[in-house]
Amino acid sequence: MPGDRVHQELFYADDEPVREVHHAEAGPSGPVSQVTVTLDGRSTTSALPRERTILEGAQQTRPDLPFACKGGVCGTCRALVTDGKADMRRNFALEPAEVDAGYVLTCQSFPVSDALTVDFDT
Ligand code: FES
């Protein structure tokens with residue numbers, strides 16, 4: 001059966017830690033990326049540590065970013081990478097065509113390149 005004919009619904013994902021999460025007060029201690037997020041037509045750029053997810057890092061300056069499960073299941077945090085590279089660790093929500101088009105789950109993706117731009121409006 002072709003893969004695009006298979007649909008699955010996931011209501012639970014193991015609470016497997018993706019990586020260690022640091023508190024915001026600690027500040028970046030390792031390499032950072034200049035990450036630009038666009039939501040509702042407004043763009044914000046900040047230096048985010050590469051060991052934190054894009055969502056967790058960017059929420060420090062953009063608390064309005066959309067999310068729900070933070071487990072890679074719901075797809076609420078979906079955004080399009082328009083510049084740079086991100087590393088998505090888990091994905092239970094996006095279709096292969098969306099991933100091929102450049103969409104990531106920002107709650108499961110880490111900045112990789114020196115500069116990264118993600119667009120939540122697409
Ligand atoms: S918040 Fe649910 S997949 Fe990211």
Side-chain angles (χ1 to χ4, degrees):
M1 175 173 290
D4 63 346
R5 305 271 310 166
V6 177
H7 300 278
Q8 60 182 156
E9 227 172 314
L10 190 62
F11 297 95
Y12 174 78
D14 286 339
D15 196 20
E16 169 187 315
V18 178
R19 283 195 193 167
E20 183 179 348
V21 175
H22 298 276
H23 293 285
E25 308 81 62
S29 57
V32 297
S33 297
Q34 293 296 321
V35 178
T36 301
V37 297
T38 301
L39 175 66
D40 296 333
R42 187 165 65 92
S43 296
T44 306
T45 302
S46 29
L48 302 185
R50 293 185 184 176
E51 72 267 14
R52 296 185 76 188
T53 65
I54 297 166
L55 180 66
E56 291 280 349
Q59 280 183 319
Q60 301 305 309
T61 53
R62 290 295 301 264
D64 55 334
L65 294 179
F67 71 95
C69 70
K70 289 191 175 180
V73 176
C74 69
T76 306
C77 66
R78 181 185 94 140
L80 179 65
V81 174
T82 58
D83 184 44
K85 189 166 190 269
D87 178 22
M88 184 164 58
R89 297 300 172 94
R90 294 203 306 176
N91 170 29
F92 301 112
L94 299 179
E95 298 294 333
E98 293 175 292
V99 175
D100 290 345
Y103 286 95
V104 296
L105 299 173
T106 57
C107 74
Q108 300 297 315
S109 301
F110 297 82
V112 173
S113 52
D114 291 339
L116 173 68
T117 303
V118 293
D119 189 345
F120 285 82
D121 291 339
T122 59

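Numbering of ligands and ligand atoms starts at 1, following listing order.
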Asker: Is there a path of hydrophobic side-chain contacts, each under 4.5 Å between heavy atoms of I/L/V/M/F/W/Y residues, joining V112 to V99?
Answerer: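 No, no single cluster joins them.
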Asker: Quick one, Q108 and N91 - any side-chain contact, counting heavy atoms below 4.5 Å?
Answerer: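 The answer is no; the side chains never approach within 4.5 Å.
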Asker: Which atom names give the shortest non-hydrogen contact between L39 and R62, and what distance separates them?
Answerer: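 Minimum heavy-atom contact is O-NH2, 3.2 Å.
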Asker: Yes or no on side-chain contact (heavy atoms from CB on, under 4.5 Å) for L48 and S33, after CA distance, side-chain angles and deciding distance?
Answerer: CA-CA 5 Å; L48 302 185; S33 297; 5.6 Å; no
Asker: Could you list the donor-acceptor pairs under 3.5 angstrom formed between side-chain atoms of residues 67-77 and any protein atom two or more places apart in sequence or on another chain?
Answerer:
unit_1, atom_1, unit_2, atom_2, d
K70, NZ, E56, OE2, 3.1
K70, NZ, Q59, OE1, 3.4

Asker: Relative to atom 2 (Fe) of ligand 1, how many protein N, O or S atoms have a separation of less than 2.8 Å?
Answerer: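 Count of protein N, O, S atoms less than 2.8 Å from atom 2 (Fe) of ligand 1: 2.
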Asker: Taking all non-hydrogen atoms of both residues into account, name the closest pair between R90 and L105 and its distance.
Answerer: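 For R90 and L105, the tightest heavy-atom pair comes out as O-CD1, 3.9 Å.
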